[in-house]
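Report on the following structure.
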Number of protein chains: 2
Amino acid sequence: MMKIGELSARTGVSIRSIRYYEQQGLLTPVRQENGYREYSPFAEEQVRTIQLYLNLGLSTEQIAGFLHCVLQNKESFCKEVFPVYRQKLAEIEEQIKLLQSIKSNLEERM
Amino acid sequence: MMKIGELSARTGVSIRSIRYYEQQGLLTPVRQENGYREYSPFAEEQVRTIQLYLNLGLSTEQIAGFLHCVLQNKESFCKEVFPVYRQKLAEIEEQIKLLQSIKSNLEERM
DNA sequence: CTTGACCCTCACATCAATGTCAGGGTTTAT
DNA sequence: ATAAACCCTGACATTGATGTGAGGGTCAAG
């Protein structure tokens, strides 16, 4: 069992962010008598997993929708994941298109 | 000479935005005795020009740096424009790269 | 003179994850 | 017992263009 400082040090994620993930329902540490958060060793992987999905551009809300499942199964077994991926892919493709059209526009002007 | 409502109607840009552009130094209407903003007919082109650059992803601050020049000359004569374009292009290319790497990552996971 | 359509300023809200204080309690080592 | 190093909550700030609302002045047509 570890306290928030250690979890932060182990994962490289700020204490502020770890508390925020909890507020968003992504982490649920137990509380000691003194009010301190207490994390199981497993929380380290959990935080890394959260970071992985944030780096894919997903929101904490989206992650909350399937985190529970992917922590227990392989991602490919969690059917909640794929609609999110599909939507994110569509957003990204649209964004790339927009950026490319702006890019062409800028290049013409140069 | 026209008031802000007419300028808004002619350009399709909200009154709120027109006031904001003024606050950012992009428009400088004269004031009537009653405090109303009064725009020359030329302001219409000016607002459209501002929109054009905003749609290229430039900030009002960047636009402020060269708007005066491009309103009086052809864009290609305003040397202040090109560093901004170059920087924006670099940002866009980096952004596209990032999105494409996320996209590949997502596609692998599907 | 009144009503409706304008105009004004000021200021808060948006979005989302994170930084950063303030003010205060706890624990650990000396 | 004290100091350093933790931990807690709550709250404001960031970013940038725009929406929205309050509270109030102006003007034109009836």
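Every chain is numbered from 1, with letters handed out A, B, ... down the list of sequences.
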Exercise. Parallel under 30°, tilted from 30 to 60°, perpendicular over 60°: which one fits the rings of Tyr85(B) and Phe66(B)?
Worked result: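 Correct class here is perpendicular.
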Rounding to a whole Å, what distance do you find between [X]:[atom1] and [N]:[atom2]?
X: Ile4(B); N: dA5(C); atom1: CD1; atom2: C1'; answer: 15 Å
X: Leu58(B); N: dG16(D); atom1: CG; atom2: C1'; answer: 14 Å
X: Glu91(B); N: dT15(D); atom1: CD; atom2: C1'; answer: 14 Å
X: Glu61(A); N: dC15(C); atom1: CD; atom2: P; answer: 11 Å
X: Ile15(B); N: dC8(C); atom1: CD1; atom2: P; answer: 8 Å
X: Arg16(B); N: dC7(C); atom1: CZ; atom2: P; answer: 16 Å
X: Ile50(B); N: dG16(D); atom1: CD1; atom2: P; answer: 17 Å

Exercise. Once you round to the nearest 0.5 Å, how far does CD of Glu45(A) lie from OG1 of Thr49(A)?
Worked result: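 The CD atom of Glu45(A) sits 5.0 Å away from the OG1 atom of Thr49(A).
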Seminar exercise, completed: Rounded to the nearest 0.5 angstrom, the CZ-CZ distance for Arg37(A) and Arg31(A) is 4.0 Å
For this session: Decide whether Ile63(B) and Met110(A) are clustered together by the hydrophobic rule: side chain heavy atoms of Ile, Leu, Val, Met, Phe, Trp, Tyr closer than 4.5 Å, transitively.
Result: yes
For this session: Give a yes or no on whether Ile92(A) and Leu99(A) share a hydrophobic cluster (residues Ile, Leu, Val, Met, Phe, Trp, Tyr; joining criterion: side-chain heavy atoms under 4.5 Å apart).
Result: yes
Exercise. Under 4.0 Å: is that the gap between some side-chain N or O of Thr60(A) and OP1 or OP2 of dA17(C)?
Worked result: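 Checking dA17(C) against Thr60(A), a side-chain N or O does come within under 4.0 Å of OP1 or OP2.
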Exercise. Given dA17(C), is OP1 or OP2 found less than 4.0 Å from the side-chain N or O atoms of Ser17(A)?
Worked result: no
Seminar exercise, completed: Residues of residues 18-41 of chain B with a heavy atom under 4.0 Å from any atom of DNA chain C, listed by number, are Arg19(B), Arg31(B), Gly35(B), Tyr36(B), Arg37(B)
Exercise. Do you know which two heavy atoms are closest between Val70(B) and Cys78(B), and how far apart they sit?
Worked result: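 Reported closest heavy-atom pair: N-SG, 3.5 Å.
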For this session: For Gln51(B) and Tyr21(B), run side-chain contact (heavy atoms from CB on, under 4.5 Å): C-alpha distance rounded to whole Å, both residues' side-chain angles, the deciding distance at 0.1 Å, then the answer.
Result: CA-CA 10 Å; Gln51(B) 283 280 299; Tyr21(B) 300 159; 2.7 Å; yes
Exercise. Is there a donor-acceptor pair closer than 3.5 Å between any side-chain N or O of Lys88(A) and the backbone N or O of Leu58(A)?
Worked result: no
Exercise. Between Glu93(A) and Lys97(A), is there a side-chain N and carboxylate O pair less than 4.0 Å apart?
Worked result: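 No, Glu93(A) and Lys97(A) are not salt-bridged.
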Table of protein N/O atoms under 3.5 Å from nucleotides 28-30 of chain D N/O atoms:
none

Exercise. Leu54(A) side chain: which of dG19(C), dA11(C), dT18(C) is closest?
Worked result: dT18(C)
